[in-house]
There are 2 protein chains.
Amino acid sequence: GWFAKPSNTQNQKDSSHYLKDFLEEMKADKIREHLRKFTQLPHLAGTEQNLKYAEQIMKEWQMFGIDSVEMVPYDVLLSYPNESQPNYISIVDHLGNEVFNTSLAEPVPQGYEDISNIVPPYSAFSAKGQPEGDLVYVNYGRTEDFSQLQREMGINVTGKIVIVRYGKIFRGNKVKNAMLAGAKGIIMFSDPADYWADGIQAYPDGWNLPGGGAQRGNVLNLNGAGDPLTPGYPAKEYTYRFSPEDGVGLPNIPVHPIGFHDAIRLLNNMGGEIPPNNWKGALNVSYRIGPGFTNEFKSQKVRMNIHTNNQVTRIYNVIGKIRGAQEPDRYVILGGHRDAWVFGGIDPMSGAAVVHETVRSAGRLLSTGWRPRRTIIFASWDAEEFGLLGSTEWAEDNARLLQERAVAYINADSAIEGMYTLRVDCTPSLHTLVYDITKQIPSPEEGEEGVSLYKSWHKRDNWTNDRDAPRISKLGSGSDFEAYFIRLGIASGRARYTKNAKTERYSSYPVYHSVYETFEIVEKFYDPSFKRLQAVAQVRGALIFLLADSQLLPLDVNEYADSLRKYAQSIAQLAQKNLREMETYKVSFDSLFSAVENFTVAARDFHERLQTLNKLRIMNDQLMHVIFAPSSHNKYAGESFPGIYDALFDIENSADPAKAWEEVKRQISIAAFTVQAAAMTLTPPA
Amino acid sequence: GWFAKPSNTQNQKDSSHYLKDFLEEMKADKIREHLRKFTQLPHLAGTEQNLKYAEQIMKEWQMFGIDSVEMVPYDVLLSYPNESQPNYISIVDHLGNEVFNTSLAEPVPQGYEDISNIVPPYSAFSAKGQPEGDLVYVNYGRTEDFSQLQREMGINVTGKIVIVRYGKIFRGNKVKNAMLAGAKGIIMFSDPADYWADGIQAYPDGWNLPGGGAQRGNVLNLNGAGDPLTPGYPAKEYTYRFSPEDGVGLPNIPVHPIGFHDAIRLLNNMGGEIPPNNWKGALNVSYRIGPGFTNEFKSQKVRMNIHTNNQVTRIYNVIGKIRGAQEPDRYVILGGHRDAWVFGGIDPMSGAAVVHETVRSAGRLLSTGWRPRRTIIFASWDAEEFGLLGSTEWAEDNARLLQERAVAYINADSAIEGMYTLRVDCTPSLHTLVYDITKQIPSPEEGEEGVSLYKSWHKRDNWTNDRDAPRISKLGSGSDFEAYFIRLGIASGRARYTKNAKTERYSSYPVYHSVYETFEIVEKFYDPSFKRLQAVAQVRGALIFLLADSQLLPLDVNEYADSLRKYAQSIAQLAQKNLREMETYKVSFDSLFSAVENFTVAARDFHERLQTLNKLRIMNDQLMHVIFAPSSHNKYAGESFPGIYDALFDIENSADPAKAWEEVKRQISIAAFTVQAAAMTLTPPA
């Protein structure tokens with residue numbers, strides 16, 4: 001029972017027929033309906049409304065006819081503002097009177113005036129407190145910004161409140177950097193330089209962020225731990241919980257986000273030095289660094305008033321399954337979150353609507369007699385916004401099964417963040433599949449009737465230097481694929497519609513995590529025809545269909561080898577700028593290049609052996625297990641050698657270069673081993 | 001290609017035929033020959049002679065006709081005495097003159113007078129140094145011994161040299177306890193109470209340890225790390241090595257072992273209190289605790305002179321393979337070490353001779369047309385005595401392959417440590433297989449012709465309280481299965497001939513790790529007919545044969561469920577002695593019992609579904625993956641809940657009971673999760 005010649009080509013013909021039906025069944029209008037339905041009311045994780053949506057999704061998935069749907073609850077640490085004591089920031093005079101207070105809420109968008117339960121902008125998991133002090137402006141709050149502040153400008157932020165602009169790095173890292181530098185509070189604002197598209201109006205007349213809008217978000221440093229109180233284990237009723245003081249990644253200083261109207265008021269009278277040009281945003285202020293205000297206002301201080309509470313709260317994942325006919329113990333997962341900061345018009349419901357339509361189409365296909373070769377799992381995750389909690393707890397709950405059985409994980413967060421072209425981030429072994437798929441899907445752009453999505457995408461975002469094909473990036477972090485990709489080592493990918501990265505310089509999209517992420521912003525601006533979302537649905541859908549239904553897993557390890565070589569070359573090149581130190585500390589990349597060469601040969605041999613195809617089950621397992629995660633590093637997959645990259649980065653800030661170069665050498669050794677181990681996975685098993 | 005009905009019963013008939021041939025081919029005389037051949041010369045890990053034996057083994061395995069044999073080297077940290085500066089311990093007078101020195105070597109056994117390269121007794125990885133001070137006697141050097149010394153007897157060993165007797169716990173833990181207590185050196189001796197069998201003569205007239213003999217051994221605290229300089233990664237040429245100061249588990253005080261003749265001289269004049277009776281050994285001394293000597297000798301001190309060196313040294317594993325016919329990517333491993341402290345008559349060559357004969361018999365079987373269903377891997381590990389280094393490095397080298405593909409690991413250290421009956425330690429899922437096998441193998445005991453090994457064993461060591469069957473124990477630690485069982489989570493087992501545990505109270509066997517472990521001690525005393533070793537060869541051989549060749553994996557998860565229940569009951573009972581504190585700190589075992597119940601039901605359902613047997617590949621994979629390791633704890637497998645056990649044990653020594661009970665609760669939660677996860681492994685995959 002272990003061998004299978006793909007003699008039954010009839011099956012594969014049927015399968016491609018079914019794929020066509022599956023993709024054609026996904027309708028733009030239906031996606032519109034789903035999005036409308038699930039963005040009527042705020043549905044923050046842990047609230048009644050988000051449970052109601054979960055129940056509705058469960059019911060509808062059952063109606064769609066997939067084999068099973070269940071609700072999977074966990075009890076995790078969430079964080080909410082105190083309803084009776086609002087959070088805000090004040091400027092106080094020398095008598096302690098509040099002479100200016102930041103706004104308590106965003107102006108509500110039209111049509112939503114009667115809606116209750118809109119949570120005001122806040123930084124989830126902020127510490128409580130009312131620190132008071134002088135402000136210091138630290139650009140984006142990156143390591144290099146704090147370093148420049150301290151070394152070049154000679155400013156110590158100990159006991160100060162720092163104000164930084166959003167963008168460039170995850171907000172939790174800004175908070176961590178502020179804590180490490182000794183600040184007693186941190187304020188984050190959305191600068192138009194980073195959150196405003198030229199020539200576009202503010203919402204509702206356009207899709208820019210109004211001056212009263214602000215970006216919510218958690219400020220944890222979880223490193224993929226999931227629920228801060230149950231690292232490594234699912235947050236079930238019986239699970240042991242750390243006390244909150246021992247929780248993972250919780251900041252110990254107050255944090256608060258504001259919009260640019262309020263930011264102008266805080267920055268306006270700041271004193272101190274004029275900063276370098278690359279510290280200046282687009283507001284009509286000087287961006288002086290402080291500490292504190294100019295002479296005239298020197299007696300004024302800034303006070304933060306933060307009363308946000310952490311509490312263990314029940315969350316709900318919805319898990320739907322289609323049982324595989326031949327390989328029920330091989331899993332292909334399509335998962336995305338449901339919880340939203342407010343309405344979630346873009347994040348995440350544009351993605352959730354797409355998943356919903358995918359489930360509906362799969363249900364239809366089942367009713368026509370189709371059943372996939374492998375098991376397909378659909379997931380509606382909860383509490384992604386609080387640190388990827390729902391997806392990580394489920395991964396922890398099922399870790400051993402998934403490590404042994406999961407073929408691939410496709411993530412389904414926001415399906416659109418711009419109006420330009422497709423964006424795909426994935427494991428290199430999925431590159432070929434993504435190209436094949438997009439050649440079969442039509443472009444959603446007006447005037448491109450009869451043009452494939454591949455062609456449309458290729459035209460707009462060519463890989464140029466590396467190769468003549470649409471650009472595909474490596475997976476970053478910050479959405480629900482993290483536990484699957486980085487911790488469990490499952491091949492993963494994500495696809496969405498995006499902006500033109502060359503001309504549109506703002507981070508994510510302007511209204512990100514604000515109350516202005518409504519159904520209307522998608523309907524009026526991002527995708528009036530809903531064809532872009534339809535195209536994303538077809539890409540995500542075709543990925544799970546082919547991963548679940550192809551006899552031979554559609555994973556290409558030659559692509560993995562190519563990516564490895566490029567990453568190895570680029571990191572070795574990066575190290576070249578320290579050529580003399582490389583000699584002093586005897587740092588060599590030889591072992592890494594040698595392992596990459598071994599992997600390249602093993603991959604080529606593997607695909608050659610595939611031609612005979614008489615050991616399908618065995619070779620599918622080999623394909624499934626070629627992945628450069630889990631990695632000791634929690635940010636990216638191992639194939640881009642993040643450990644070496646970070647070690648090289650740390651050299652500049654290190655007081656002990658010999659030690660820092662030791663770490664580079666250690667990381668090269670780990671990378672070489674990881675590549676070598678992957679090469680071994682691909683060689684004949686005995 | 002994924003389903004297989006076991007329709008081909010012909011195959012299974014053939015297989016049992018082949019098994020019979022395989023077992024009958026293993027000959028007592030051949031085992032005798034192998035043992036004689038590989039115990040002629042000392043072959044310490046890292047020496048030329050041990051490489052020569054490796055080359056010989058490789059050559060002979062190739063001649064035996066298995067598919068491939070290769071030598072796999074690693075460069076690991078080993079430790080040797082300094083040849084120009086011997087290690088010894090002195091009693092020095094007030095002028096610093098050495099008035100007594102311990103012996104520099106064991107008296108060489110007859111017939112071996114001309115042999116060079118016999119390493120004198122030493123503690124591998126001891127720190128160098130010449131500490132001088134008063135002796136304190138601390139019984140076995142266990143946590144409870146040091147605790148009793150400090151709390152009840154009021155003696156602080158800071159700055160003292162401690163002397164402890166061997167036995168009860170691993171010597172590395174004695175050293176760690178001494179370091180934690182502040183001692184500046186530690187001497188370990190073999191007390192006849194622990195290493196002398198009544199009515200037996202010392203070697204060569206019997207098998208007891210002569211007074212001049214001493215136990216070598218490493219004194220690391222590796223916790224399964226393998227090579228101290230490359231934890232987590234194989235010690236290849238390119239692997240990054242920690243500097244020796246950062247090495248894992250290296251002691252920072254001098255350590256030295258002595259025999260009881262020398263111990264009498266050190267203990268004889270000791271002053272201080274008379275110890276409790278259970279601190280007294282069998283020597284004709286008072287076992288006074290010290291510190292230091294009696295009045296008359298008070299000015300005398302003890303000085304240790306230790307010059308042992310650590311050095312990175314090349315070691316060699318020999319790896320042989322028989323390719324599986326149907327499932328080449330499923331591995332069954334039989335591995336045992338080859339390196340010995342001196343000749344290795346018992347440890348390890350009695351086991352290595354058995355492996356050698358198993359390989360020979362397998363080669364013969366191959367030549368008659370047999371080929372196992374799954375791949376069999378034979379391993380001759382190096383440097384086990386220095387911390388399981390060869391086996392752990394190979395496990396690290398192949399970690400991902402083994403986690404995904406290994407079915408079982410059978411360990412082959414010393415095959416005999418007594419003359420009484422069989423001893424088996426294994427994963428509970430192997431219980432049924434062990435019973436089945438031993439019913440097919442004849443007893444090696446004189447006067448038991450026609451009696452099965454099972455019956456012979458059952459008569460001598462019944463499980464009594466738990467069940468009416470031969471006793472099988474859980475796997476402990478201290479041999480090469482550790483990395484496979486505990487770290488990689490592979491079902492594992494070991495079998496050997498043993499003493500009568502009820503009447504023979506000494507640890508291991510008297511000459512353990514001394515120069516008196518010769519070929520002759522086996523030939524004259526332990527197994528003159530070599531039938532006991534033959535029986536062990538047949539047990540180990542039948543285990544790998546049936547694990548590799550049965551269509552359905554011969555693993556019984558109902559046995560796993562039974563063991564879980566017993567362990568859960570016994571640990572809950574242990575906790576009952578703190579009933580009041582259990583209430584105070586709200587400690588409950590409910591979640592654990594509930595998970596065990598879930599597992600029991602899943603196991604029963606699984607074996608019921610097996611009756612239909614239409615999903616063989618899937619169910620074999622499920623069987624393969626039911627294992628309660630890897631465990632966060634490095635000493636035992638998870639199924640006996642070692643984490644809870646240790647947490648309960650720590651309560652007595654804890655200064656903060658609330659915190660200690662929190663740890664108990666956390667460990668119960670982890671155990672419940674682990675059992676629940678295993679239950680999930682057994683349920684239908686979709």
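Letters go in sequence order (proteins before strands), and every chain restarts at 1. Just so you know, these numbers use all the heavy atoms, side chains as well, and skip hydrogens, waters and symmetry mates.
Looking at N398(A), the atoms closer than 4.5 Å to chain B (heavy atoms on both sides) sit in the backbone and in the side chain alike.
Taking OG of S594(A) as the start and OH of Y238(B) as the end, the distance is 8.0 Å to the nearest 0.5 Å. Annotation: the span from Q403(B) atom CD to Q403(A) atom CD amounts to 7.0 Å, rounded to 0.5 Å. Separation of atoms OG1 (T239(B)) and CD1 (I668(A)) is listed at 13.0 Å; rounding is to 0.5 Å. Note that CD of E662(A) is 12.5 Å distant from CZ of R241(B), once rounded to the nearest 0.5 Å.
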